[in-house]
Amino acid sequence: MRFRAKMIDIGCFNHFTRVVNTISKLTKTCTLRLTTDKLYFILSDKVANGGVSMWCELSQGNFFDEFQLEGVSTEHNEIYMDLAAENLSRALKTAHNAKSLKIKLTNKHCPCITVAVELPSLSRVSRVVTHDIPVGVIPRKLWNDFKEPSVPDFDVSIYLPPLKTMKNVVERMKNLSNFLVLEANLNGEMNLKIETDLVSVTTHFKDLGNPSWGDNGSQDSTQDRDPETMMDVKVDIRKLLQFLAGQQVNPSKVICNIVNKRIVHFILLHEDVSLQYFIPAHE
Amino acid sequence: MPLSTQLEAGEEQYVLIASLDNARNLSNILKAIQFKDHATFLATSNGIKVTVEDSKCLQANAFIQAEIFQEFSIQEDSVMFRVNLAVLLDCLTIFGGSAVPGVTTALKMCYNGYGYPLTLFLEEGGVVTVCKIKTQEPEETLDFDFCSTNVINKVILQSDSLREAFSELDMTSEVLQITMSPDKPYFRLSTFGNSGSAHCDYPKDSDMMEVFQCTQTQTNRYKMSLLKPSTKALSLSCKVSIRTDNRGFLSLQYMVRNDDGQICFIEYFCCPDEEVGEQEQ
């Protein structure tokens, strides 16, 4: 297995850093999957995460000037590894005014992703700061655990309100309750609700817009339903807040798909990065 | 009783309705008296008084006059209820705690009387939040029986200078001793902490001293832990009046200007520390 890649554009460093920062706020460890075209940051829905899962996909061509990959075999030209996103985040902190950024798979006591940041210096010789991030290479037989999630058969699809507003409200609600009900309808309306013995709070968002999914099977079944009917999911507030608070990439729109009483699915699209996040209903 | 069994009310039946274009004009004042979980609200045609008490020795009152509200209507002589103040503050600041210039949260507060929750309607940027907060049995608030005729000593200071003095107080001292006298040292704050005793004096003709009316020398001690919460009110205020009566009871009155420049008052009453309380005639 071999992997080396090089980035030289400052705009790319910053964008890549923002994506990695977002990932590190969503989860401590995740799986990095490398293919010849794309990078993926994956969190699968194991019980340890409380059933939360994440899938983030970037086209390597939009970030790297050089990208060479030799995967586990010619038939499966990919590499999967576990890593702590925070370590990558920390390594990238030094890159904001770098001349170049090289990333490669190395073996130093254990497999590592080595990040070498070339910094500008007054002398003719550049300074290089190197970070070795330990990773766990995932064997081929476990790759099935990290399959791309399919878009669920949702009951309602709606655009989220401005994330900052939603985050402020959910942050306050977290002081009052552990769980929140997120409900929405086909009329562009969304409510966030909490209820405890002491207090009930409902925030109403209107005119959010519902994305059209074209000839999707789910869309047909929703045609007969009264657009005012609310579909809802009850979720752990901290998981929702973690998603809202972590966003460093400012997407123009975030899509929220709700499977009534089962799961909520968020999709962010920003330029060439797509991030999906699933929060299951609380039992 | 759990919230679900508290009753629902229609608008016509509200016993108290109070509206503000800027909810911070209420939440900022309430934060300054938030040293305990619960507060008692007493509304009359004059406005709203919010009371928080601690261990029967300390009482804080915030007064928000009816004129401060954009709408204020009350159907009874007086309306009283008790709520969890932390919950109320989280609701009043539901759109975020920090002030963004030019953006305000509008508030309409409604109460239908005993057995009903306190209902808040908050709106910011077209988004509406409705909160229903369970109310509890109002408990009798203490009457410190502090009246102006019994006031022995009084000073009014600009808050800036007192803020500085309070921030430098030795917090390892269990008590704050206040000496007020027509003679030197006039007005003195003393502490007795791990590093020894420390005194902070204000001469009666200092620029900071707006009013100085001391008739007798009095030295009283108050538990530092009881007075500490008053520093929040001090930091909001522009002026503070400090008065002691013939029993050594302390009244601190803070004049607070809200976001719109209107004046509200916060008052703290505190009993002297039982162990040492001297009055020199």
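- The number of heavy atoms from other shown groups lying within 6.0 Å of CD (B:Gln70) is above 12.
- In this structure a side-chain-to-backbone donor-acceptor pair under 3.5 Å is missing from A:Arg172 to B:Phe95.
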Stepwise side chain to side chain contact (heavy atoms under 4.5 Å, CB included) check, A:Leu176 with B:Val87:
CA-CA 7 Å; A:Leu176 301 168; B:Val87 169; 3.9 Å; yes
With side chain to side chain contact (heavy atoms under 4.5 Å, CB included) as the test, would you mind laying out the steps for A:Met173 and B:Asp90 before giving the verdict?
CA-CA 8 Å; A:Met173 287 179 165; B:Asp90 277 326; over 6 Å; no
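- Chain B forms more heavy-atom pairs under 4.5 Å with one residue of A:Asp207, A:Ile194, A:Asn175 than with any other, namely A:Asn175.
- In this structure, A:Asn97 places its CG atom where more than 12 heavy-atom neighbours from other residues, nucleotides or ligands lie under 6.0 Å away.
- Side chains of B:Val127 and A:Lys206 form no contact here, defined as non-hydrogen atoms less than 4.5 Å apart.
- Within a 6.0 Å radius of CD in B:Gln65, more than 12 heavy atoms belonging to other residues, nucleotides or ligands are found.
- The OG1 atom of A:Thr202 lies 8.0 Å from the NZ atom of B:Lys132; values are rounded to the nearest 0.5 Å.
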Under the criterion side chain to side chain contact (heavy atoms under 4.5 Å, CB included), I'd like the reasoning laid out for B:Ile133 against A:Leu198: C-alpha separation, chi angles, the key distance, then a yes or no.
CA-CA 6 Å; B:Ile133 305 172; A:Leu198 279 183; over 6 Å; no
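- Annotation: A:Lys174, atom NZ; neighbour count of heavy atoms from other residues, nucleotides and ligands within 6.0 Å does not exceed 12.
- Heavy atoms of other residues, nucleotides or ligands lying less than 6.0 angstrom from CZ of A:Arg238 number 12 at most.
- Between atom CD of residue B:Glu124 and atom CG of residue A:Asn168 there is a gap of 8.0 Å, rounded to the nearest 0.5 Å.
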Checking side chain to side chain contact (heavy atoms under 4.5 Å, CB included) for the pair A:Asp197/B:Lys134: CA distance, chi angles, key distance, verdict?
CA-CA 8 Å; A:Asp197 282 343; B:Lys134 181 180 163 191; 5.8 Å; no
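- With a 6.0 Å radius and a threshold of 12 heavy atoms from other residues, nucleotides or ligands, B:Lys232 has its NZ atom above the threshold.
- Here OG1 of B:Thr129 is found 13.5 Å from NZ of A:Lys193. Values are rounded to the nearest 0.5 Å.
- More than 12 heavy-atom neighbours from other residues, nucleotides or ligands sit within 6.0 angstrom of CD on A:Glu228.
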